[in-house]
Colleague: 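I'd like to ask you about the structure that follows.
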Protein chains: 2
Amino acid sequence: MNLSQTTVSRALNGYPEVSAETRRRVAEMADQLGYAPNSQARRLATGRSMAIGHVIPRSIHEMMNPIFLEFIAGAGETYSRHGYDMMLSVVDDAHEEDAYRQIASRKKADGVIIHGPANDERRHLLLKKLNLPFVVHGRIPGAEAETSWIDMNNRRAFERATNLLLDLGHTRIALLNGLEHMDFAHRRRRGFEDALAGRGLSADPALMRSADMTEPYGCENAVAMLKGDNPPTAFLVSSMISAIGVARGIGQCGLKTGKDVSIITHDDALSFLPNCGEVPIFTCTRSSVRYAGQKAAELLLAMIADPTAKPASLHMDAELIIGQSTGPAPVRES
Amino acid sequence: MNLSQTTVSRALNGYPEVSAETRRRVAEMADQLGYAPNSQARRLATGRSMAIGHVIPRSIHEMMNPIFLEFIAGAGETYSRHGYDMMLSVVDDAHEEDAYRQIASRKKADGVIIHGPANDERRHLLLKKLNLPFVVHGRIPGAEAETSWIDMNNRRAFERATNLLLDLGHTRIALLNGLEHMDFAHRRRRGFEDALAGRGLSADPALMRSADMTEPYGCENAVAMLKGDNPPTAFLVSSMISAIGVARGIGQCGLKTGKDVSIITHDDALSFLPNCGEVPIFTCTRSSVRYAGQKAAELLLAMIADPTAKPASLHMDAELIIGQSTGPAPVRES
DNA sequence: TTGGCCATCCAAACCGCTTTGGATTTGGCT
DNA sequence: AGCCAAATCCAAAGCGGTTTGGATGGCCAA
């Protein structure tokens, strides 16, 4: 070959100051020798780490669940398409801040994604101080205008779902929500309450729950409510997994889902929990979290490419899809 | 301060050639200035990338499921405890090999974990050629002795589960397995068949399925089999998610799980699908995949620390836990 | 006092790339 | 032929650490 390091670098990185012929030869050689530039060296030289960080607290709750993985998968596709790496840090809850600080001070990533914002979110303040670009999956209450985020319209989705149930004649509607200190759950609850209020009804606290969205959570609460007096005729559930539990609970009570008791669930379109077919099992509000991951990544990469740009966000509406789990409210026996 | 770069480096990295007093001052200053060594530079200088790679094909199948996330979470804990980063690459199935090659040639990671080995696995050959340390989550048929791996005893778990059902009087047992081109599913099937053979029975192909372990997969096949002639009285299922589907299917047929029809499922101890309590919902073979992740990471880090060491592996037995979903075979009506 | 030996600390080389600022060659035009 | 701009290519200076091979100074035995 006999070419300088400079030329090889330029050839490989697509700079124009190199003839097509030379570029071809370099590429060929590199290919033949299995050469690829050492990424640490390149990162050091360019000052960009070409990686996006995701900090996930170890605690077993909402976060550490399949929804998160699906999001990650979506984001990961976008990253690799743009030559970025994805860095996951699993940390003790107590060390979450440290993790962000380290990413910033050691330059481990060019940006991060904030997962699962809470009502009293603070991470964005730290990241701003650290000057680390970020995108929020969800929204930070009170910081919507000054941050980039991607979120579905949780309030509206649950408002529409509730309205559908009301239209079907249901008035005793239970809400099995996620943890309401999380922003998304908080909004969903508001949508639920708004819809009820729109019909002059008000939510019955006895029919509302807020917890980690496991399967047993759905089942146990469904059974408890159905066996109580003045039971609900419909359930609005925050996740497919819990909805499956609710369906099980309904079955345990000797009732039929979609006939005696209706269910609407939010469906994140998880690959292992398909809820499709001509008539899906569950009536649902659906929004692909994988797609959200892709878009969040795009937003973040754009921010990194142009740090002067204004914050950009994406607000998506969930589809309301009719499945087998809803029907008219049963006529009151009395 | 007025200390040389050398001294600072040594102080921070715990070398002995620096006085306690100086070390203290350096640490204090670093802390105060929020200084931490740039990781790219350090990596370049040391030649170690201090990261472990996980390549996950984008395809939506077994892999891209919650089990994977739980494993990742376990591994991630170990990594961060040892100062390693976790690098995830989500790639097109067709580019999986490329991803490994890149990791090796660009020195993106010091080692990788192979997920979901198949019956005709080849990745380990590539990695050996690339001289990239790796640990297999699962086992590679025919390469058990020459690779490091961590796996549960799939065959034995399913053999024991089958024997339990046989002891309860079940003879028509259905197997809803994962994709049998995957090693783990293959072994589970063997366990099932071995147990039957041990009693002079043989598996009925009409009662065996192999597919992605979704919820509907469980439900649909349960219904189909139960409505067919000569229906099974018990189901052996490869995942909790499908087992939930099976339970739903049983309900749809107007039957009672644990009474009319028994279920034993494998339980990976996923956080969002707890199957515990005094008497768990499902009788199961249980093995924590999160723990497997921790151990796999430890194995890999040890390999990296001492490249001359012989391959080490960990073979874990699953617990067989009695829950509510099993009971004696119903007496045959005839 | 003097030499020797630690305990400390430091200057400089190096890790493998990108990028800057020239140097050299080529080719078109007058 | 002579000149200039464009096209190529290259040497060397970083990037921010770690590591090597001494220097320096203090302390103790001879």
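We name chains A, B, ... by the order of the sequence lines, and we start the count at 1 in each one.
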Colleague: At 4.0 Å (heavy atoms only), tell me whether A:Thr6 reaches a base, stays on the sugar-phosphate, or touches nothing.
Modeller: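 The residue A:Thr6 makes base contact.
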
Colleague: Assess the residue pair A:Ile140 and A:Asp183 against the criterion (side-chain contact (heavy atoms from CB on, under 4.5 Å)); give the C-alpha distance rounded to whole Å, side-chain angles, the decisive distance to 0.1 Å, and a yes or no.
Modeller: CA-CA 7 Å; A:Ile140 296 177; A:Asp183 177 70; over 6 Å; no

Colleague: Using a cut-off of strictly less than 4.0 Å between a heavy atom of the residue and any atom of DNA chain D, enumerate the qualifying residues of residues 43-50 of chain A by number.
Modeller: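 The answer is A:Leu44, A:Ala45.
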
Colleague: Between B:Tyr35 and B:Arg10, name the one whose nearest nucleotide on DNA chain D is closer to the 5' end.
Modeller: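 Mapping each residue to its closest nucleotide by heavy atoms, the 5'-most match is B:Tyr35.
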
Colleague: Are there any protein N/O atoms within less than 3.5 Å of an N/O atom in nucleotides 24-26 of chain D, and if so, which ones and at what distance?
Modeller:
none

Colleague: Restricting to ring pair (Phe, Tyr, Trp, His ring centres under 6.0 Å), what partner residues turn up for A:His54, sequence neighbours left out?
Modeller: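 For A:His54, the residues satisfying ring pair (Phe, Tyr, Trp, His ring centres under 6.0 Å) (neighbours in sequence not counted) are A:Tyr79, A:His115.
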
Colleague: Please identify which of these residues, A:Asp110, A:Val135, A:Val112, meets the side-chain contact (heavy atoms from CB on, under 4.5 Å) condition with A:Leu300.
Modeller: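 Result for side-chain contact (heavy atoms from CB on, under 4.5 Å) with A:Leu300: A:Val135.
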
Colleague: Whether B:Ser9 contacts D:dT18 is assessed here as follows: a side-chain N or O lying under 4.0 Å from the phosphate OP1 or OP2. Is that the case?
Modeller: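 For D:dT18, OP1 or OP2 has a side-chain N or O of B:Ser9 closer than 4.0 Å.
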
Colleague: Would you please confirm or rule out a distance under 4.0 Å between OP1 or OP2 of C:dT18 and any side-chain N or O of A:Asn13?
Modeller: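 Checking A:Asn13 against C:dT18: at least one side-chain N or O falls below 4.0 Å of OP1 or OP2.
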
Colleague: Would you say B:Tyr15 places a side-chain N or O within less than 4.0 Å of OP1 or OP2 belonging to D:dT20?
Modeller: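 Answer is no, no contact under 4.0 Å.
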
Colleague: Any side-chain heavy atom of A:Ser49 within less than 4.5 Å of one from B:Gln40?
Modeller: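 Yes, close enough: below the 4.5 Å cut-off.
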
Colleague: Nearest whole angstrom, please: distance from the P of D:dC15 to the CG of A:Asn38.
Modeller: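 One finds 19 Å between P of D:dC15 and CG of A:Asn38, rounded.
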
Colleague: Is B:Arg290 salt-bridged to B:Glu77, going by a charged N under 4.0 Å from an acidic O?
Modeller: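 Yes.
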
Colleague: The side chain of B:Thr7 lies closest to which of these nucleotides: C:dC9, D:dG16, C:dT20?
Modeller: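 Shortest atom-to-atom distance from the side chain points to C:dC9.
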
Colleague: Atom CZ of A:Arg42 and atom P of D:dC15: how far apart are they, to the nearest Å?
Modeller: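 Between P of D:dC15 and CZ of A:Arg42: 19 Å.
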
Colleague: Can you establish whether the number of heavy atoms outside A:Arg48 located under 6.0 Å from its atom CZ is more than 12?
Modeller: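 No, CZ of A:Arg48 has 12 or fewer neighbouring heavy atoms, counting only those of other groups under 6.0 Å.
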
Colleague: Can you tell me if B:Arg24 has over 12 outside heavy atoms packed within less than 6.0 Å of its CZ?
Modeller: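 Yes, CZ of B:Arg24 has more than 12 neighbouring heavy atoms, counting only those of other groups under 6.0 Å.
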
Colleague: Please pick, from C:dT8, D:dT18, D:dG16, the nucleotide with the shortest atom-to-atom distance to any side-chain atom of B:Ala41.
Modeller: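 So the nucleotide nearest the side chain must be D:dG16.
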
Colleague: Could you go step by step and tell me if B:Leu88 and B:Ile72 meet the side-chain contact (heavy atoms from CB on, under 4.5 Å) rule?
Modeller: CA-CA 10 Å; B:Leu88 244 67; B:Ile72 283 294; 4.0 Å; yes

Colleague: What nucleic acid atoms does B:Gln40 come within less than 4.0 Å of, heavy atoms only: base, sugar-phosphate, or nothing?
Modeller: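 Counting heavy atoms under 4.0 Å across all strands, no contact is made by B:Gln40.
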
Colleague: Starting at CG of B:Leu12, measure out to CZ of B:Arg42 and round the result to the nearest 0.5 Å.
Modeller: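 Going from the CG atom of B:Leu12 to the CZ atom of B:Arg42 covers 8.0 Å.
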
Colleague: Just how far, in rounded Å, is P of D:dT20 from CD of B:Gln5?
Modeller: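 To the nearest whole Å, that distance equals 15 Å.
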
Colleague: A:Pro37 side chain: which of D:dC9, D:dG17, C:dC17 is closest?
Modeller: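 Out of D:dC9, D:dG17, C:dC17, the nucleotide with an atom closest to A:Pro37's side chain is C:dC17.
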
